[in-house]
Amino acid sequence: MKGTQLHCLCMILLHLLHTAGSERFEVLGPTDLIVTVAGDDIILPCYLKPNISAEDMTVDWLNLDFLDSRVYRYQNHRVIRDDQIPSYRGRTSLFEKELWRGNTSLKLTRVQGTDEGRYKCFIKAKSWYDDFTIQVLVKAVGSKLVVSIEGHREGGMGLLCESEGWHPEPELVWLDSEGVHLSAGPPETHRDFKGFYTVKLHVIVQETDTNRFTCRVQQSRINEKMETEVHLPSELFHHTSPLRMAFIVLCCLGAVTVIGLSLAIYCIRNKKGVIIDQLKRQRYDLKKEKGKYCLQIITLLTLC
Ligand SMILES: *[C@@H]1O[C@H](CO)[C@@H](O)[C@H](O)[C@H]1NC(C)=O
Ligand SMILES: *[C@@H]1O[C@H](CO)[C@@H](O)[C@H](O)[C@H]1NC(C)=O
């Protein structure tokens with residue numbers, strides 16, 4: 001009797017040892033930083049060694065840079081969508097047909113700025129677990145620099161430089177024609193809900209020999225740099241007197257008249273063609289529109 005009990009116990013112990021042993025695995029992935037470009041689809045690699053099946057395990061993907069870090073969970077053969085970070089909704093999946101060979105890589109589509117971070121691939125079996133952490137950098141080069149002239153400011157000329165759609169956050173500087181940094185206001189940074197940065201920088205410049213100023217945006221981590229130069233006519237720096245203003249207004253009016261007249265001539269020449277076109281096609285098309293505008297311009301001119 002005792003013998004069989006002992007035998008039984010031994011069998012159970014052996015069985016436990018065996019199952020524990022057979023479930024022992026390592027979780028592996030890339031040790032290098034993964035650099036991705038915003039908008040791309042990427043795979044975050046993660047797999048079991050030995051390559052046993054993960055179909056009956058729990059696979060968790062976490063972004064450690066979030067407080068509630070759940071990116072994805074696979075458990076009891078199902079995807080669990082509760083507690084998922086909202087910005088990942090609809091953009092994550094496992095390769096479920098690859099799970100049986102221990103491939104637990106995560107597919108992430110339409111990468112955005114908020115996706116940057118440290119990702120933990122955490123895999124748990126009944127009596128064993130392991131994890132691996134990978135680092136993802138999201139790269140987005142922003143829009144061309146836009147410079148606007150804001151007018152007279154505190155004895156100089158106010159300029160504004162801006163660029164949008166960057167990741168990581170870039171640095172913006174104003175330089176004079178010799179490449180010397182100009183002291184500018186505090187940079188204004190805005191981060192949109194996808195994690196992309198818009199940056200703006202105001203500066204007040206004084207008249208110089210060249211009146212050339214450069215705005216530069218750079219992000220050294222992704223090795224990107226853009227510049228744009230503005231040239232301000234020196235008249236801009238001088239306050240305009242009323243007389244001067246009147247002169248400028250007259251000049252503008254003159255220019256408008258010349259443009260109007262040339263337009264009218266162009267229209268009259270074109271009108272013939274338009275009428276023939278109309279007769280030919282009997283269809284509403286662009287040229288008809290043009291003809292209408294021309295007639296309006298001519299009426300306006302005659303009214304004048
Ligand atoms: C698992 O790994 C072994 C050796 O590394 C390889 O020969 C085998 O094809 C792999 N099995 C699967 C299903 O990928
Ligand atoms: C896992 O599966 C995906 C999709 O087939 C493949 O691209 C990736 O290379 C696989 N990873 C490993 C480690 O086998």
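First listed ligand is number 1; within each ligand, the first listed atom is number 1. What's counted below: heavy atoms across the whole structure, side chains too, no hydrogens, waters or symmetry copies.
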Q. Take atom CZ in Arg153; do more than 12 heavy atoms of anything else shown fall under 6.0 Å from it?
A. yes
Q | disulfide bond (SG atoms under 2.5 Å apart) contacts in which one or both residues fall within residues 150-235, not counting sequence neighbours | A | Cys161-Cys215
Q. Going only through I, L, V, M, F, W and Y residues with side-chain contacts under 4.5 Å, is there a path from Leu160 to Met157?
A. no
**Q.** ligand 1 atoms in contact with Trp100 (distance to a heavy atom under 4.0 Å)
**A.** 13 (C)
Q. Does Thr92 use its side chain to pair, donor to acceptor, with the backbone of Leu108 at less than 3.5 Å?
A. no
Q: Give a yes or no answer on whether the side chain of Asn223 reaches the backbone of Ser220 with a donor-acceptor pair at less than 3.5 Å.
A: no
Q | Residues His77 and Asp56: side-chain donor-acceptor under 3.5 angstrom | A | yes
Q.
I need the contact residues for ligand 2: any residue with a non-hydrogen atom closer than 4.0 Å to the ligand, ordered by chain then number.
A. Ile43, Tyr47, Phe95, Glu98, Asn103, Ser105
